[in-house]
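What follows is a single structure, written as structure tokens, with notes after it.
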Amino acid sequence: MASKRGALIVLEGVDRAGKTTQCKKLVQALQQVGRPAEMMRFPDRTTTIGQLISAYLEKKSDLEDHTVHLLFSANRWELVPSMKKKLEQGITLVVDRYAFSGAAFTSAKPGFCIDWCKKPDVGLPKPDLVMFLQLSPVEATLRGQFGNERYETSDFQKSVQQKFEQLMKDPSVNWKVIDASQSIEDVHDNIRTHTLNTINTAENTPLGELWK
Ligand code: Z5A
């Protein structure tokens, strides 16, 4: 009998919501209970495309806005064969940002509509669960100042948050909003519970296609 597939779990949220912290803790917790799990993050700055994106985010280069949007999407598509292979092998993937960040960040720029921004990512592996780490701008500020990367300004992050709220109205995606203002352990407990339930359901469900 073929082995049961892993689940595709995505963490989204605004800057400093704790996505990376929680992805790492979740992978460790899953491995400890004998569930194979790996972490991924987007952008994946290790690939050739990822290096172009990284230079852009670090303001070492400038790229036209449509172009960089398509590069973010291409950076996801180039990882799809390996993602599918791992999921088929029964490995649960815990992903730090995905196509929702792509649509939210670009559509927060002037002159972009959310529908256009979603198009390049239509058909990507569909997450079984997307957890949005909700954190107010005031609470985010308490976690430290913005860094020097592009997009790390308060006004832009507020627009991004509004775009995420628009994306979360889509019932075709399994969204869960997580209160990210709680302690790291409490947020983790919440995320782990949702994830374990999702892994059990995903085992018997085919992997879907995003926004199709
Ligand atoms: N982007 C895009 O435009 N298009 C796309 O398609 C994609 C991305 C995929 C990539 O940044 C940038 O690219 C991002 C979106 C854009 N731009 N912005 N802004 P990145 O992925 O390299 O970095 P990041 O996602 O911006 O990281 P982050 O948001 O700054 O951090 P985080 O992962 O959410 O949080 P963290 O690193 O886990 O924690 C931040 C701090 O808070 C740290 O000191 C923790 O110890 C602390 N923390 C975490 N949890 C807690 C709790 N619960 N209480 C107290 N303190 C906490």
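In listed order, ligands and their atoms are each counted from 1.
Taking 4.0 Å as the cut-off, Gln182 counts as a neighbour of ligand 1 on heavy-atom distance. Not a single heavy atom of Gly13 sits less than 4.0 Å from an atom of ligand 1. By the 4.0 Å heavy-atom criterion, Gln22 is excluded from the residues contacting ligand 1.
Not a single N or O atom of Asp96, backbone or side chain, sits closer than 3.5 Å to an N or O atom of ligand 1. Distances between N or O atoms of Tyr98 and those of ligand 1 include no value under 3.5 Å. For the pair Val187 and ligand 1, the shortest N or O to N or O distance does not fall below 3.5 Å.
Counting atoms of ligand 1 from 1 in the listed order, those under 4.0 Å from a heavy atom of Gly18 are 32 (P), 34 (O), 35 (O), 36 (P), 38 (O), 39 (O), 49 (C), 50 (N). For ligand 1, the atoms sitting less than 4.0 Å from at least one non-hydrogen atom of Ala17 are 34 (O), numbered in the order shown with element in parentheses. Near Arg76, meaning under 4.0 Å from one of its heavy atoms, ligand 1 places the atoms 5 (C), 6 (O), 9 (C). The distance from ligand 1 to the heavy atoms of Gly102 drops below 4.0 Å at these ligand atoms: 4 (N), 5 (C), 6 (O).
Contact annotation for atom 41 (C) of ligand 1: protein absent (non-hydrogen atoms, distance under 4.0 Å).
Under 4.0 Å from ligand 1, the heavy atoms of Ser183 that appear belong solely to its backbone. Here Lys19 has heavy atoms under 4.0 Å from ligand 1 in both its backbone and its side chain. Only the side chain of Gln157 comes within 4.0 Å of ligand 1, judged by heavy-atom distances. Residue contacts with ligand 1 for Ile53 are absent, since no atom lies close enough (heavy atoms, distance under 4.0 Å).
Judged purely by atom type and a 3.5 angstrom limit, Gln31 uses its side chain to pair as donor or acceptor with the backbone of Ala37.
Just one of Phe105, Phe112, Trp116 meets the ring pair (Phe, Tyr, Trp, His ring centres under 6.0 Å) condition when paired with His69; it is Trp116.
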*Assess whether ring pair (Phe, Tyr, Trp, His ring centres under 6.0 Å) is satisfied between Phe164 and Trp175, documenting all intermediate values.*
CA-CA 11 Å; Phe164 271 124; Trp175 288 97; 7.1 Å; no
